[in-house]
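Let me begin by presenting the structure, written as structure tokens, before commenting on it.
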Amino acid sequence: MKERNNKIPFPEDNYTHNINRDNERKLDRRGFMKTLVGAAGVFAVSSLPWGAVAAKELMGLGEKEYPHKKIADLNNLPIGDAVEFKFPGEHDDAILIRLGEEKFVAYQNACTHLRCPVFWVKEQGEMVCPCHHGKFDVETGAPTAGPPRRPLPEIQVEVNQGAVYAVRVKRYEA
Amino acid sequence: MKRSYIGVLLLSAVLFLNIIFTQYMVHQYFYENYVNTLIFCGLNIVMFPIAFFLYKKTKKA
Ligand code: FES
């Protein structure tokens with residue numbers, strides 16, 4: 001490269017390539033531009049994992065089947081009552097509500113606002129979050145009042161030989 | 001020597017767009033609009049060559 005200054009020593013007092021550490025550093029115009037290009041690089045690289053995870057979700061790898069898990073026996077769950085369980089993992093709180101003879105709904109009951117446990121209020125016929133009084137529609141899991149903006153993730157259930165089983169977590173369309 | 005600060009301005013605009021795209025990307029991810037996430041991710045990535053090109057073009061100005 002022709003433009004390179006190969007005289008030694010040469011005054012280098014800018015921010016990006018100062019050799020003499022005793023000098024006060026100055027951020028000159030070109031050094032600032034280099035910093036900006038570097039920042040663009042950092043942004044680009046740090047975008048990659050988000051893109052990768054999004055692509056993975058899109059290809060349906062996130063939609064996995066979990067081993068079916070028994071939640072409750074039919075006789076122990078009167079109509080209008082709810083029971084809490086864990087699905088799919090040991091730490092994923094969920095709630096099953098029996099709405100009718102053959103009608104069950106189940107949601108992961110970590111509030112979509114700040115993850116407080118949402119519970120079922122039979123008298124009011126809605127799901128309530130105690131923390132900031134968020135409310136959710138029991139039929140769909142959609143937020144109806146308070147801070148939450150996203151629906152509760154629904155869990156598909158299956159009735160089999162007098163017991164209710166959790167089958168999979170439904171992906172919701174926002 | 002009178003210099004031009006057009007490069008600084010353009011690169012600042014790139015940084016500004018980077019911030020906006022990142023913000024959108026993360027939000028769209030949590031809203032589970034994965035296609036939008038990918039779009040903003042791609043935009044963020046092409047900003048780097050653009051920034052590099054702008055730097056090359058304007059560093060001597
Ligand atoms: S955590 Fe549920 S409303 Fe805030």
Side-chain angles (χ1 to χ4, degrees), chain A residues 1-5 14-17 26-63 108 110-115 141-143 148-154 169-174, chain B:
Chain A
M1 264 195 268
K2 261 261 136 43
E3 70 262 35
R4 210 178 250 166
N5 179 354
N14 63 68
Y15 198 74
T16 47
H17 48 281
K26 260 190 248 147
L27 184 59
D28 63 1
R29 186 191 63 115
R30 197 171 294 176
F32 182 61
M33 285 163 67
K34 280 183 193 166
T35 312
L36 287 177
V37 175
V42 170
F43 270 103
V45 171
S46 56
S47 298
L48 289 174
W50 293 92
V53 180
K56 186 181 136 201
E57 293 278 355
L58 267 186
M59 290 187 311
L61 296 179
E63 178 109 61
Q108 294 200 317
C111 181
T112 51
H113 177 223
L114 291 175
R115 306 193 67 80
R149 284 282 167 273
R150 287 169 292 141
L152 293 173
E154 189 175 347
V169 182
K170 260 196 219 160
R171 159 162 293 331
Y172 54 74
E173 275 83 51
Chain B
M1 191 168 75
K2 181 94 185 97
R3 18 172 138 266
S4 157
Y5 279 89
I6 187 78
V8 174
L9 285 177
L10 287 174
L11 285 169
S12 302
V14 168
L15 181 68
F16 186 57
L17 287 176
N18 266 145
I19 293 169
I20 293 171
F21 292 157
T22 306
Q23 170 91 339
Y24 269 113
M25 179 180 71
V26 173
H27 282 194
Q28 290 304 303
Y29 178 79
F30 283 110
Y31 278 89
E32 305 205 346
N33 299 327
Y34 296 116
V35 179
N36 289 357
T37 309
L38 281 179
I39 290 170
F40 286 113
C41 175
L43 284 172
N44 238 354
I45 290 168
V46 297
M47 284 327 264
F48 175 61
I50 291 174
F52 193 69
F53 172 78
L54 287 175
Y55 171 72
K56 282 257 168 195
K57 279 276 161 199
T58 57
K59 67 176 173 183
K60 298 242 193 56

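Remember, it's a predicted structure, so these values are computed and weren't measured experimentally. Numbers restart at 1 for each chain; the letters A, B, ... are given by sequence-line order, proteins then strands.
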I need the [X] [atom1] to [Y] [atom2] distance, nearest 0.5 Å.
X       : Y       : atom1 : atom2 : result
B:Asn18 : A:Ser47 : CG    : OG    : 7.5 Å
A:Glu57 : B:Asn33 : CD    : CG    : 12.0 Å
B:Tyr55 : A:Lys34 : OH    : NZ    : 4.0 Å
B:Lys59 : A:Arg29 : NZ    : CZ    : 10.5 Å
B:Thr37 : A:Trp50 : OG1   : CH2   : 8.5 Å

Are side-chain heavy atoms of A:Phe43 and B:Leu15 found at a separation under 4.5 Å?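 SC-SC contact between A:Phe43 and B:Leu15 confirmed.
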Taking all non-hydrogen atoms of both residues, which atom of [X] and which atom of [Y] are closest, and how far apart?
X       : Y       : answer
A:Phe32 : B:Ser12 : CE2-OG, 4.4 Å
B:Cys41 : A:Gly51 : SG-CA, 3.7 Å
B:Leu11 : A:Leu36 : CB-CD1, 3.4 Å

Under 4.5 Å from any heavy atom of chain A, what part of B:Ile19 do you find: side chain, backbone, both or neither?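 Its backbone and side chain both get close to chain A.
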Check whether B:Val46 gets within reach of chain A through its side chain, its backbone, both or neither, counting any heavy atom under 4.5 Å.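 No part of B:Val46 comes within 4.5 Å of chain A.
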For chain A, the option from [options] that forms the most heavy-atom pairs under 4.5 Å:
options                            : result
B:Asn36, B:Val26, B:Leu17, B:Ile50 : B:Val26
B:Leu43, B:Thr58, B:Leu10          : B:Thr58
B:Ile45, B:Ile39, B:Leu54          : B:Ile45

Set of side-chain hydrogen bond (donor to acceptor under 3.5 Å, both in side chains) partners for A:Gln108, sequence neighbours left out: none
Pairs of heavy atoms under 4.5 Å with chain B: top-ranked of A:Ala44, A:Ala52, A:Ala39, A:Gly38: A:Ala44
